[in-house]
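Working notes, beginning with the structure itself.
Numbers restart at 1 for each chain; the letters A, B, ... are given by sequence-line order, proteins then strands. Values in this document were obtained by computation on a predicted structure and should not be read as measured data.
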Amino acid sequence: DTAVSQTPKYLVTQMGNDKSIKCEQNLGHDTMYWYKQDSKKFLKIMFSYNNKELIINETVPNRFSPKSPDKAHLNLHINSLELGDSAVYFCASSPETSSPQETQYFGPGTRLLVL
Amino acid sequence: LAKTTQPISMDSYEGQEVNITCSHNNIATNDYITWYQQFPSQGPRFIIQGYKTKVTNEVASLFIPADRKSSTLSLPRVSLSDTAVYYCLVGDRANFGNEKLTFGTGTRLTIIP
């Protein structure tokens with residue numbers, strides 16, 4: 001069973017379009033994340049979310065918005081896509097444990113190409 | 001944030017033990033050290049986590065000296081399937097902040113037959 005899944009795996013679209021990437025986790029975790037991995041392979045967090053709060057990386061444009069219909073899902077909506085949005089987007093989740101640093105479980109990634 | 005520094009790349013032959021060192025000079029008292037592995041076209045995968053001294057699991061060992069300003073991930077008898085990028089991450093859940101969850105450049109490990 002896939003622990004963290006994302007759809008679609010590949011997404012090719014035109015500049016200016018609006019798109020969504022879906023993420024689902026079946027681990028019963030309380031916290032979910034979205035990361036962006038650029039062409040240089042830097043992996044940077046965009047959002048983290050649990051049922052208590054949404055933490056936004058202030059460097060993320062407001063064209064990006066996470067939406068969580070329930071605890072098992074955190075979808076990423078992107079408005080007015082730009083060329084620079086081309087990257088691999090990873091969803092991740094972690095348990096709400098007492099561990100000092102949460103262990104994150106990552107999805108397989110969504111490869112977005114904006115033309 | 002305890003910033004980390006790792007070698008950009010390393011090569012090793014199959015069957016060898018590989019040690020990847022991560023520097024984190026300004027690690028805080030509450031920070032733990034976590035290592036992730038990422039294969040091409042996949043998301044990162046948790047390998048090991050530790051606070052001090054030595055931690056060992058079925059995949060790797062993690063050595064942390066007393067000053068905790070560095071850590072070494074040790075992979076015993078590597079195989080071709082260990083070719084991946086290895087990330088060192090340092091942080092503290094209590095000081096939850098976005099910078100904590102930014103992975104560094106990682107170390108690209110290539111295993112040679």
- For the hydrophobic clusters of this structure (ILVMFWY residues joined by side-chain heavy atoms under 4.5 Å, transitively), does one cluster hold both Leu113(A) and Val88(A)? no
- Applying salt bridge (Lys or Arg N to Asp or Glu O under 4.0 Å), which residue pairs with at least one partner in residues 4-14 of chain B are found, sequence neighbours left out? none
- Tyr87(B) portion near chain A, given a 4.5 angstrom heavy-atom threshold: side chain
- Item | Any pair counted as salt bridge (Lys or Arg N to Asp or Glu O under 4.0 Å), so long as it reaches residues 60-86 of chain A, sequence neighbours left out | Asp30(A)-Lys71(A), Arg63(A)-Glu82(A), Arg63(A)-Asp85(A)
- Message: Please find the pair of heavy atoms, one from Tyr36(B) and one from Gln104(A), that lie closest to each other, and give the distance.
- Response: OH-N, 3.0 Å
- Query: Which atoms of Gln37(A) come close to chain B, meaning under 4.5 Å heavy atom to heavy atom: side chain ones, backbone ones, both, or neither?
  - Reply: side chain
- Query: Linking I/L/V/M/F/W/Y whenever any side-chain heavy atoms sit under 4.5 Å apart, do Leu89(B) and Phe63(B) land together?
  - Reply: no
- Message: Can you tell me which of Gly106(B), Pro44(B), Gly43(B) forms the most heavy-atom pairs within a distance under 4.5 Å of chain A?
- Response: Pro44(B)
